[in-house]
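Quick notes on the structure that follows.
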Amino acid sequence: MARPRAGTCIVYFNRYLNRDRKAEEVVPLDAAAEAKARAEADFIGGNPRLAQLLADVLETQDALSVAGTMNALADKLADYYRRRIDDLPGLAQGLLDALVRGGEPASQTELAQRVGAGGDPTSPG
């Protein structure tokens with residue numbers, strides 16, 4: 001399922017791909033291009049700014065070029081996310097680590113088991 005802001009990215013991608021067309025010549029993304037755009041939007045979390053950076057990926061058929069762009073983007077974002085994670089309190093970092101290592105989605109019970117938190121949080125003592 002696409003993230004909430006993925007639709008914003010799709011709108012941007014449609015505008016980008018039709019940038020040189022007159023209003024009566026505008027063609028929406030076909031099914032294959034929209035699937036590719038939704039995959040990109042999901043990869044970037046629906047961020048319209050990143051959509052601008054990746055818009056040219058929609059127009060290329062060169063898989064190596066696309067892979068290179070996605071790898072470069074992941075590398076650039078890694079430092080940003082590392083800093084964001086480092087800013088989290090210790091308990092939140094532990095929970096995030098348990099989600100990443102154990103996979104998601106995870107229920108609260110499942111997550112509690114992963115981090116070794118026992119007992120019923122609603123019971124006294």
Side-chain angles (χ1 to χ4, degrees):
M1 182 160 91
R3 303 206 175 158
R5 291 176 31 198
T8 304
C9 291
I10 301 303
V11 169
Y12 174 78
F13 290 142
N14 268 312
R15 259 197 337 262
Y16 178 82
L17 294 175
N18 285 288
R19 65 193 177 280
D20 296 328
R21 294 189 174 137
K22 296 177 184 169
E24 63 275 5
E25 298 172 340
V26 169
V27 178
L29 296 173
D30 63 23
E34 184 165 334
K36 192 174 182 182
R38 287 198 180 280
E40 278 186 33
D42 189 49
F43 178 80
I44 62 176
N47 185 315
R49 282 187 171 221
L50 293 177
Q52 292 176 330
L53 297 173
L54 291 174
D56 61 333
V57 169
L58 286 174
E59 292 185 309
T60 184
Q61 298 301 315
D62 178 12
L64 291 177
S65 171
V66 171
T69 300
M70 299 303 254
N71 284 337
L73 179 62
D75 287 345
K76 288 181 182 184
L77 289 176
D79 287 336
Y80 167 76
Y81 285 113
R82 190 173 300 110
R83 286 191 305 275
R84 296 287 310 264
I85 291 168
D86 288 344
D87 290 342
L88 291 172
L91 290 175
Q93 285 183 17
L95 290 173
L96 181 59
D97 184 63
L99 276 172
V100 170
R101 292 179 190 274
E104 53 180 301
S107 69
Q108 291 176 347
T109 303
E110 209 176 352
L111 194 53
Q113 290 171 345
R114 290 181 193 175
V115 297
D120 181 0
T122 60
S123 68

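The model shown is predicted, which means the values in this text are computed figures rather than measured ones.
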### Task
Give a yes or no on whether the backbone of A33 and the side-chain of D30 come within a donor-acceptor separation of less than 3.5 Å.
yes

#### Entry: Salt bridge D86-R83, side-chain N to carboxylate O under 4.0 Å
no

### Query
Between the side chain of E34 and the main-chain N/O of I10, is any donor-acceptor distance below 3.5 Å?
no

### Message
Could you report the tightest heavy-atom contact between R101 and D97, atom names first, then the distance?
### Response
NE-OD1, 2.7 Å

### Query
Does R19 make a cation-pi contact with Y16 (under 6.0 Å, within 45 degrees of the axis)?
yes

### Task
Verify side chain to side chain contact (heavy atoms under 4.5 Å, CB included) between R84 and L88, making sure each step is shown before the conclusion.
CA-CA 7 Å; R84 296 287 310 264; L88 291 172; over 6 Å; no

### Task
Check the surroundings of atom CD in Q108: do more than 12 heavy atoms from other residues, nucleotides or ligands lie under 6.0 Å from it?
no

### Shortest non-hydrogen contact between E110 and S107, atoms and distance
N-OG, 3.0 Å

### Task
Consider only side-chain heavy atoms of I, L, V, M, F, W and Y, link residues closer than 4.5 Å, and tell whether V115 and L99 are in one cluster.
yes

### Task
Calculate, to the nearest 0.5 Å, the distance between atoms CG and CG belonging to L111 and L96 respectively.
10.0 Å

#### Entry: Value rounded to 0.5 Å, distance of OG1 in T109 from CZ in R114
11.5 Å

### Query
Under 4.5 Å between any side-chain heavy atoms of R82 and D79, yes or no?
yes

